[in-house]
Number of protein chains: 2
Amino acid sequence: MPHPPLPDSDAAAQADRFSHARTAQSMTLLEDYTEMIDDLVRAHGEARITDIAHLMGVTHPTATKAVARLKREGLAVSRPYRGVFLTEAGNAMAARVRARHRIVVDVLLALGVPADAAEIDAEGMEHHVSAATLAAFEAYLRR
Amino acid sequence: MPHPPLPDSDAAAQADRFSHARTAQSMTLLEDYTEMIDDLVRAHGEARITDIAHLMGVTHPTATKAVARLKREGLAVSRPYRGVFLTEAGNAMAARVRARHRIVVDVLLALGVPADAAEIDAEGMEHHVSAATLAAFEAYLRR
DNA sequence: GCCAAATTGTAGCCTTGGCTCTATCTTCTG
DNA sequence: CAGAAGATAGAGCCAAGGCTACAATTTGGC
């Protein structure tokens, strides 16, 4: 038994935080694409692979793969050479993500973050905002 | 020419935000490990692979791979079967990351986020906090 | 000082999310 | 209504970051 310190409970808690952050990361793709598809359907009546890819800043095979995952997870449906559409679950996720994004940006703005930085940072931060934190943000925005 | 809408500038800006978030993600590993190694060196005089792995919540080969990357990037040094230590650059990164983490947690707490949620969420959010946002956070904390 | 246990290293596999290249299908235009 | 242009699909490659299994090295206790 070498190094004595480091209570096991603390170590476990810290490991959990990192594991949690890694897991959250895997949701990022689903959340970003569902919101994007929702945006496109609202704007154009459908979401095309090319538009999704363009807006996400990836190539179209990458977008195709992502959509395949959305379909596997029951968030989207599509038929070959036709557009992509969200399922009920997909719409629910899109609505949730959209609301959360809005709140995160608003909080950043309220804290004095410049608008462009707020948009950029929110895009990455929002996926790590838990329900508890989101609730606190909402309460704060209502003063 | 199919769908007319979507000004190209907006599309490009949005694509940039997503690309940026993806790139930031690749820094996460470096930042987390350098801070962890710094913690361990402070506490024990050295950072052992086993302890790093344990605290990060991964297996030791994963920690070894991460350390290999840190060494490739000039952030850490180590000799076989000896501990891992940070370089100048590594120490600088650790200091920066530690300070940023503190600030993010403090901002969350100031906004009324429960302490446990603040710690968990900060672990994921902090990597997406830009210099501009960090400056705004600091200003806010100083009232 | 030796042997067992702990630690570290290494090889090889998996998944994810990027990419390029090529083939196929749709759509638009002349 | 045929061909060209554009959009979608699909195969196959790569790197990152997990993992397990196994080999080698250090270390601690007797």
Side-chain angles (χ1 to χ4, degrees), chain A residues 1-4 6 15-16 18-34 36-37 40 44-73 75-85 124 127, chain B residues 1-4 6 11 15-16 18-34 36-37 40 44 46-73 75-85 124 127:
Chain A
M1 185 103 309
H3 291 139
L6 285 179
D16 280 354
F18 283 114
S19 299
H20 183 272
R22 284 193 299 270
T23 308
Q25 182 52 30
S26 92
M27 290 293 297
T28 297
L29 179 141
L30 296 180
E31 292 179 343
D32 285 344
Y33 277 85
T34 50
M36 176 70 68
I37 292 168
L40 287 167
H44 304 151
E46 68 172 333
R48 305 186 315 158
I49 288 287
T50 296
D51 292 338
I52 296 171
H54 188 215
L55 286 169
M56 292 294 302
V58 299
T59 57
H60 68 80
T62 297
T64 300
K65 253 191 208 181
V67 168
R69 180 166 168 214
L70 293 192
K71 292 169 73 173
R72 273 205 311 278
E73 310 252 357
L75 296 167
V77 292
S78 75
R79 291 185 6 251
Y81 295 100
R82 295 292 170 245
V84 180
F85 300 91
H127 303 287
Chain B
M1 184 102 309
H3 291 141
L6 284 179
D16 281 353
F18 284 113
S19 299
H20 183 272
R22 284 194 298 271
T23 308
Q25 181 53 30
S26 91
M27 292 291 298
T28 297
L29 179 141
L30 296 180
E31 293 179 343
D32 285 344
Y33 277 85
T34 49
M36 175 70 67
I37 292 168
L40 287 167
H44 304 152
E46 69 171 333
R48 305 186 315 157
I49 288 288
T50 297
D51 293 337
I52 296 171
H54 187 214
L55 286 169
M56 291 296 300
V58 299
T59 58
H60 81 265
T62 298
T64 299
K65 251 191 208 180
V67 168
R69 181 167 168 215
L70 293 193
K71 291 169 73 173
R72 273 204 312 279
E73 310 252 356
L75 296 168
V77 292
S78 75
R79 292 184 6 251
Y81 295 98
R82 297 291 171 243
V84 181
F85 300 91
H127 303 287

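Residue numbers start from 1 in every chain, and the chains themselves are labelled A, B, ... in the order their sequence lines are given, proteins ahead of strands. None of the values given here were measured: they were computed from a predicted structure.
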(request) Let me know the distance between OH of Y81(B) and P of dT27(D), rounded to the nearest Å. (result) 11 Å

(message) Does any part of the side chain of D51(B), heavy atoms only, come nearer than 4.5 Å to the side chain of H44(B), both counted from C-beta?
(response) yes

(message) As a test of reading the structure: which of dT27(D), dA16(D), dA9(D) is closest to the side chain of R72(B), going by heavy atoms?
(response) dA16(D)

(request) Test side-chain contact (heavy atoms from CB on, under 4.5 Å) on R69(B) and L30(B) and set out the steps. (result) CA-CA 8 Å; R69(B) 181 167 168 215; L30(B) 296 180; 3.7 Å; yes

(request) Figure out the NZ/P separation between K71(A) and dT8(D), and round it to whole Å. (result) 13 Å

(message) Looking at every heavy atom in both Y33(A) and M56(A), which two are closest together, and how far apart are they?
(response) CE1-CE, 3.7 Å

(request) Please report the closest heavy-atom contact between A24(B) and H127(B), naming both atoms and the distance. (result) CB-O, 4.1 Å

(request) May I have the distance from I52(B) (atom CD1) to dT8(C) (atom P), rounded to whole angstrom? (result) 8 Å

(request) Locate the shortest heavy-atom distance separating H54(A) from A11(B); write the atom from each residue and the value. (result) CE1-CB, 3.9 Å

(message) I need the CG-P distance between L30(A) and dT16(C), as an integer number of Å.
(response) 11 Å

(request) Ignoring backbone atoms, test whether R82(B) places a side-chain nitrogen or oxygen under 4.0 Å from the OP1 or OP2 oxygen of dT27(D). (result) yes

(message) Just verifying a value: how many Å separate E31(A) CD and L70(A) CG, rounded to the nearest 0.5 Å?
(response) 11.5 Å

(message) Please report the end-to-end axis angle for the helix from dG1(C)-dC30(D) to dG30(C)-dC1(D), five pairs per end, rounded to 10 degrees.
(response) 10°

(message) Restricting to non-hydrogen atoms, name the atom on I37(A) and the atom on A47(A) that form the minimum distance, rounded to 0.1 Å.
(response) CG2-CB, 3.8 Å

(request) To the nearest Å, give me how far apart CZ (R48(A)) and C1' (dA9(D)) are. (result) 15 Å

(message) Quick check: closest heavy atoms across V58(A) and A63(A), and the distance to 0.1 Å?
(response) CG2-N, 4.1 Å

(message) If I take atom CD in residue E73(B) and atom P in nucleotide dA16(D), what distance separates them, rounded to the nearest angstrom?
(response) 9 Å

(request) Measure from NE2 on H54(B) to C1' on dC19(D) and round the result to the nearest Å. (result) 17 Å

(request) Send over the distance from I49(B) CD1 to dT27(D) P, rounded to a whole Å. (result) 15 Å

(request) Would you please confirm or rule out a distance under 4.0 Å between OP1 or OP2 of dT8(C) and any side-chain N or O of T50(B)? (result) yes

(request) Report, as a single string ordered 5' to 3', how protein heavy atoms within less than 4.0 Å touch nucleotides 17-22 of chain C: B base, S sugar-phosphate only, - not at all. (result) BBBBB-

(request) Write down the atom of V84(B), the atom of A76(B), and the distance for their closest heavy-atom approach. (result) CG1-CB, 4.1 Å

